[in-house]
Amino acid sequence: ALFSTWNTACGIVEHSGYLTEALTEDGHDVLVIGNVTDGHEPLGFERDLHHAVSRAWVWDNRHWRESHVDLEAFAHILERAQPTLLLVQHHTGFLPFFDFEKVMEAASRQSIPVVVEFHDGRSVSAAQKSRLIELGAALIVHHQDELEGLDPQELPRASVIPLPVRAARP
């Protein structure tokens, strides 16, 4: 499953869309757990028609006060879908950190491994990254300096993968 902004104007939406397309082409079933689109101008419904999409969280990018995860709905989605992995697209502007912790805890209760991909890792403290590792997450950052401050014993749970550029398929 992929926890991400979805079908709204956001660069991470584009990244998640390309990633979802590639995973689907490689034979994976991808469930997108996207943000509720209330208050957002949808980009259209093509991606929603081609991928399974459930919505379980609010992204308030207008007032920056009301962002939150509906934890009951999120846990229900995980229980019904039983994903083999949860990939969380992280940006500090999406949710308060404690909501990301709650997402991790909900996945952990169902024994679902979690990978957190940071899109603004320099804005996330080493203590917060360590907390996600403590909760069982593997981390992906896009620059080496985003790992500064992590304990050397935590580094095996973190990978530096440069943000990909989408290449046209032949």
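Note that the numbering runs from 1 along the sequence shown for the chain.
Side-chain contact between Leu23 and Tyr18 is absent, with no heavy atoms from C-beta onward closer than 4.5 Å. For the pair Val124 and Phe118, the minimum side-chain heavy-atom distance is below 4.5 Å. Contact check for Ile77 versus Leu31: side-chain heavy atoms found under the 4.5 Å cut-off. Counting only heavy atoms from C-beta outward, the side chains of Leu139 and Ile133 approach each other to under 4.5 Å. No side-chain heavy atom of Met104 sits under 4.5 Å from any side-chain heavy atom of Arg131. Between Leu150 and Leu147, some side-chain heavy-atom pair lies under the 4.5 Å cut-off. Proximity of Phe100 to Gln128: side-chain heavy atoms (C-beta onward) are nowhere separated by under 4.5 Å. Looking at heavy atoms from C-beta onward, Ile33 lies in side-chain contact with Leu78 at the 4.5 angstrom threshold.
Side chain to side chain, Gln89 and Thr5 fail the donor-acceptor criterion of an N or O pair below 3.5 Å. Judged purely by distance below 3.5 Å, without hydrogens or angles, the side chains of Glu117 and His15 pair a donor atom with an acceptor atom. Residues Asp120 and Thr92 have side chains that bring a donor and an acceptor to within less than 3.5 angstrom of each other.
Remark: the backbone N or O of Glu66 is paired with a side-chain donor or acceptor of Asp60 at under 3.5 angstrom. For Ser67 (side chain) and Phe94 (main-chain N/O), a donor-acceptor pair under 3.5 Å exists by modelled atom type. Looking at Asn35, its side chain does come within 3.5 Å of a backbone N or O of Trp6 through a donor-acceptor pair. A distance-only check finds a donor-acceptor pair linking the side chain of Trp59 to the backbone of Gly93 [under 3.5 Å]. When atom types are taken as modelled, the side chain of Glu154 and the backbone of Asp151 share a donor-acceptor pair closer than 3.5 angstrom. For Glu146 (side chain) and His143 (main-chain N/O), a donor-acceptor pair under 3.5 Å exists by modelled atom type. In this structure, His63 contributes its side chain and Arg65 its backbone to no donor-acceptor pair below 3.5 Å.
Clustering ILVMFWY residues whenever any of their side-chain heavy atoms sit less than 4.5 angstrom apart, transitively, puts Leu155 in the very cluster that holds Leu135. Under the 4.5 Å side-chain heavy-atom criterion for ILVMFWY residues, a single connected hydrophobic cluster contains both Ile140 and Leu85.
Remark: Glu101 does not engage Lys129 in a salt bridge, criterion side-chain N to carboxylate O under 4.0 Å.
For the pair Gln82 and Glu79, the tightest heavy-atom approach, listed with the atom from each and the gap, is CG-O, 3.2 Å. Between Pro83 and Ala1, the shortest heavy-atom distance links the atoms CB-N, 3.7 Å. Closest of all the heavy-atom pairs between Ile12 and Ser4 is CG2-OG, 3.9 Å. Closest of all the heavy-atom pairs between Pro113 and Ser111 is CD-O, 3.5 Å.
Within a 6.0 Å sphere centred on NE2 of His28, other residues, nucleotides and ligands contribute more than 12 heavy atoms. The environment of CG in Asp70 is crowded: more than 12 heavy-atom neighbours from other residues, nucleotides or ligands sit within 6.0 Å.
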Given side chain to side chain contact (heavy atoms under 4.5 Å, CB included), test Val13 with Asn7 step by step and report yes or no. CA-CA 7 Å; Val13 167; Asn7 199 16; 5.7 Å; no

*Step by step, work out the side chain to side chain contact (heavy atoms under 4.5 Å, CB included) result for Val116 and Leu87.*
CA-CA 6 Å; Val116 178; Leu87 174 58; over 6 Å; no

Quick one: do Val88 and Leu132 satisfy side chain to side chain contact (heavy atoms under 4.5 Å, CB included)? Show the steps, please. CA-CA 11 Å; Val88 175; Leu132 294 177; over 6 Å; no

* Might you work through the side chain to side chain contact (heavy atoms under 4.5 Å, CB included) test for Ser16 and Leu2, ending with a clear yes or no? => CA-CA 8 Å; Ser16 293; Leu2 175 69; 3.7 Å; yes

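His142 is linked by a ring pair (Phe, Tyr, Trp, His ring centres under 6.0 Å) to His119, counting only residues two or more places apart in sequence or in another chain.
Distance NE2/His91 to SG/Cys10: 7.5 Å, rounded to 0.5 Å. Ser130 contributes atom OG, which lies 11.0 Å from atom CD of Gln153 (distance to the nearest 0.5 angstrom).
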